[in-house]
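One structure is given below, encoded as structure tokens.
Bear in mind the structure is a predicted one, so any value in this text is a computation, not a measurement. Every chain is numbered from 1, with letters handed out A, B, ... down the list of sequences. Computed over heavy atoms, backbone and side chain alike; hydrogens, waters and symmetry mates excluded.
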2 protein chains.
Amino acid sequence: MATLKDVARLAGVSASTVSRTLSGNIHVDEQTQQKVWAAIKELKYKPNILAKSLKEGRTNTVALIIPNIRNPIFPAVTRGAEDTARKNGFTLILCNTDEDLSVEKDYIDKLTNRWVDGFIFATARDDSSHIMELKAQGIPVVFMIRSIDNHSDTVTVDNRGGAYKAADYLISRGCTKIAFINGPLDIDLYRQRLDGYKNALKEHGIPIDDRLIVNDVNDQDNGYHAMLNLLDKGIKMDAVFAASDPKAVNAIKAIKSRGLSVPGDISVIGFDDLDIATIIEPSLTTIAQPAYDIGTTAMDTLIRLIDGHKNAMPIVLDTHLVVRQSVR
Amino acid sequence: MATLKDVARLAGVSASTVSRTLSGNIHVDEQTQQKVWAAIKELKYKPNILAKSLKEGRTNTVALIIPNIRNPIFPAVTRGAEDTARKNGFTLILCNTDEDLSVEKDYIDKLTNRWVDGFIFATARDDSSHIMELKAQGIPVVFMIRSIDNHSDTVTVDNRGGAYKAADYLISRGCTKIAFINGPLDIDLYRQRLDGYKNALKEHGIPIDDRLIVNDVNDQDNGYHAMLNLLDKGIKMDAVFAASDPKAVNAIKAIKSRGLSVPGDISVIGFDDLDIATIIEPSLTTIAQPAYDIGTTAMDTLIRLIDGHKNAMPIVLDTHLVVRQSVR
DNA sequence: ATAATGATTGCAATCGATTGCAAAGGGGTG
DNA sequence: CACCCCTTTGCAATCGATTGCAATCATTAT
């Protein structure tokens, strides 16, 4: 591979002149430039980005830390992040942690040392002291999907409002006994969705029945047995709000497996608007969250941070109801 | 951030000694090491990987070039690639190209210059002269999913064999008029699947009816209207082999929309074994390809290449039949 | 003719590591 | 006591760029 010096030698100038010709900031004589460009072309010179980054203290590389790209919400988020990274001349490093703290710390350790310019975290764990340490070191950090505190840059969706919309819609369709299949409450977004659900019921004067609320649904089962349990306990219900589309799909399957119909006997509404929402039968009415936009917004925020615009603030994106056929 | 020199100064030794203490290859006096480690701890020294990479000519970073992470086959592949990258101390750069040649070239340009140690390509386009140029420059390259030629490192699945299994299974279940919903033939994997389909029919003495074969199914529609067309033309058939699970799902929807039942009237078999295969009703019998393993194998191959083991050869992974309920 | 001005260009330091070579110091042997 | 060898350590070059400072040269004003 040809280096700056090789080009300089061939063009009969100094390395500085070649560098300046390349950068374009400083005036270089027209004729000299010609010679330099000719030499560059002849040698097929490409600048060594490592050397450049070392000198400039910037790599134009960012890391995206997510639990698992196989979780169906993340491909869209990731794609959004990568697209805006690329548009701004950044490359993206993808890190799956499975929410494993040691993996996350390993990645941080490895990528910190003047190597990536910033991080986006989408992990849901509540303990994030190690991330705060990063921030304290002055490394740009953006949180995505989960919120952390009010003085960090975060990009989330309005989970409370979304959940409210879901419950409100069910109620507007005449449902009153609405079960809620939720995720574990140590993840803030599930706490918020629970909040929104409760708010909607309260505002409509519907009593909250704790027997209809299932939190701690684990990721493997993802609601199937939770739903079965609810049904088999004989608790009366006319609707189910599932805190994610996969949970809604499993709820539908469970309901059908007991010989009941959706939405005839029980209406089901989800949260996400994934592809599977149109594949399940009946197609799933759900609260859409702008997954792709979460990615773009988070990356935009991170890049602003890297470029020195300090404007720590939470950004909350909106959700909207997508009506399909799973609610009567 | 503390540098090697800072540590050296604090420990009262030279930078070389610190470096050697860190690397561990060369003997350093026990007492000196103690001092060095103490200084490292006190300053929270972390080596600057950029400087190290520049000196060593190696970054321990690889690029994964795929069409689109939102295509449901890629999350698993990507996860496989990243997991084995991480296990081997590499980090992974993710690049989505949408099969756009200029995006792909941009990425290659940007990442080539002594910046990433190697590439994995999963793009399907037939023109790959720019990639061959990369290889010619001595940069490690592995192809994945699509095959390129016989003297490159490639990781693919046995598409011919998989398609054969699919058709063979349908025939064993008594089907004889088997439609084939396939992708565009300028992608080699669809050519191979077509081959396997034809082979199976031939071996069982079933004539090939070209009216039952639809290639060029585009990605938006993904088989829905193709299937509708086939049905509406009144061509008799008792089974459909779709060259991907999404196509199979759309075929099922199309068949149902005409009032026919799956598998009662028409059996359907897919190719992939994605999550959606268990969500559609009836659940989809399909040919499973080891998406995760494709990723791990490709990354393993790439890393061997980077480490200097030159052993260019195609690796073909096996598929297997997953029986569910869409075939009678 | 001389000084001042501005445009080009090169020198050399710098970013933060790694490593070959040589020097210094200690111990053992003849 | 002199010599040699081995261990430990430091010096300085190197990886490939960028950039402040100074030098050179031509041009213009006085």
_By the 4.0 Å heavy-atom rule, please label S19(A) as base, sugar-phosphate, or nothing._
base

*Between dG16(D) atom P and N113(B) atom CG, what is the distance in whole Å?*
12 Å

*Results of salt bridge (Lys or Arg N to Asp or Glu O under 4.0 Å) for K46(A) - residues two or more places apart only*: D109(B)

Which atom pairs link the protein and nucleotides 5-11 of chain D when you take only N or O atoms and keep those under 3.5 Å?
{"unit_1": "dT9(D)", "atom_1": "OP1", "unit_2": "T32(B)", "atom_2": "OG1", "d": "2.3"}
{"unit_1": "dT9(D)", "atom_1": "OP2", "unit_2": "D29(B)", "atom_2": "N", "d": "2.8"}
{"unit_1": "dG10(D)", "atom_1": "OP1", "unit_2": "S14(B)", "atom_2": "N", "d": "3.4"}
{"unit_1": "dG10(D)", "atom_1": "OP2", "unit_2": "S14(B)", "atom_2": "N", "d": "2.9"}
{"unit_1": "dG10(D)", "atom_1": "OP2", "unit_2": "S14(B)", "atom_2": "OG", "d": "3.0"}
{"unit_1": "dG10(D)", "atom_1": "OP2", "unit_2": "T17(B)", "atom_2": "OG1", "d": "2.4"}
{"unit_1": "dG10(D)", "atom_1": "N7", "unit_2": "R20(B)", "atom_2": "NH2", "d": "2.7"}
{"unit_1": "dG10(D)", "atom_1": "O6", "unit_2": "R20(B)", "atom_2": "NH2", "d": "2.8"}
{"unit_1": "dC11(D)", "atom_1": "N4", "unit_2": "S16(B)", "atom_2": "OG", "d": "2.7"}

*asked:* Could you check whether atom CZ of R114(B) has more than 12 heavy atoms from other residues, nucleotides or ligands sitting under 6.0 Å from it?
replied: no

*Could you name each residue pair satisfying ring pair (Phe, Tyr, Trp, His ring centres under 6.0 Å) that touches residues 92-123 of chain A, not counting sequence neighbours?*
W115(A)-W115(B), F119(A)-F121(A)

*asked:* One thing to verify: whether R58(A) and D307(A) come together as a salt bridge, which I'm taking to mean a side-chain N less than 4.0 angstrom from a carboxylate O.
replied: yes

*Of all heavy-atom pairs between V116(B) and V62(B), which one has the smallest distance, and what is that distance?*
CB-CA, 4.4 Å

*Whole-Å distance separating the NZ atom of K55(A) from the P atom of dA17(C)*: 15 Å

*For residues 45-53 of chain A, which residues have at least one heavy atom under 4.0 Å from DNA chain C?*
none

*Figure out the CH2/C1' separation between W115(A) and dC15(C), and round it to whole Å.*
17 Å

*Answer yes or no: is there a donor N or O on one side and an acceptor on the other, between the side chain of S152(A) and the main chain of T154(A), under 3.5 Å?*
no

*Could you give the angle between the helix axes at the two ends of the helix from dA1(C)-dT30(D) to dG30(C)-dC1(D), with five pairs per end, rounded to 10 degrees?*
70°

*Does Q33(A) use its side chain to pair, donor to acceptor, with the backbone of V28(A) at less than 3.5 Å?*
yes

*Can you tell me the distance, in whole Å, between the CD atom of E56(A) and the C1' atom of dT14(C)?*
13 Å

_Rounding to an integer number of Å, can you tell me how far L43(B) CG sits from dG16(C) P?_
14 Å

*Start at the 5' end of DNA chain D and walk down; is the nucleotide closest to M1(A) or to S23(A) reached first?*
M1(A)

*Any side-chain donor-acceptor pair under 3.5 Å between Y190(B) and N159(B)?*
no

Under 3.5 Å, which donor-acceptor pairs link side chains of residues 10-18 of chain A to any protein atom two or more places apart or in another chain?
{"unit_1": "S14(A)", "atom_1": "OG", "unit_2": "S16(A)", "atom_2": "N", "d": "3.4"}
{"unit_1": "S14(A)", "atom_1": "OG", "unit_2": "S16(A)", "atom_2": "OG", "d": "3.4"}
{"unit_1": "S14(A)", "atom_1": "OG", "unit_2": "T17(A)", "atom_2": "N", "d": "3.4"}
{"unit_1": "S14(A)", "atom_1": "OG", "unit_2": "T17(A)", "atom_2": "OG1", "d": "3.3"}

*Can you tell me how far CD1 of I315(B) sits from CE of M144(B), rounded to the nearest 0.5 angstrom?*
12.5 Å

*dC15(D) C1' sits how many Å from L4(B) CG, rounded?*
15 Å

*Does N96(B) reach the main-chain N or O of I69(B) with its side chain, forming a donor-acceptor pair under 3.5 Å?*
yes

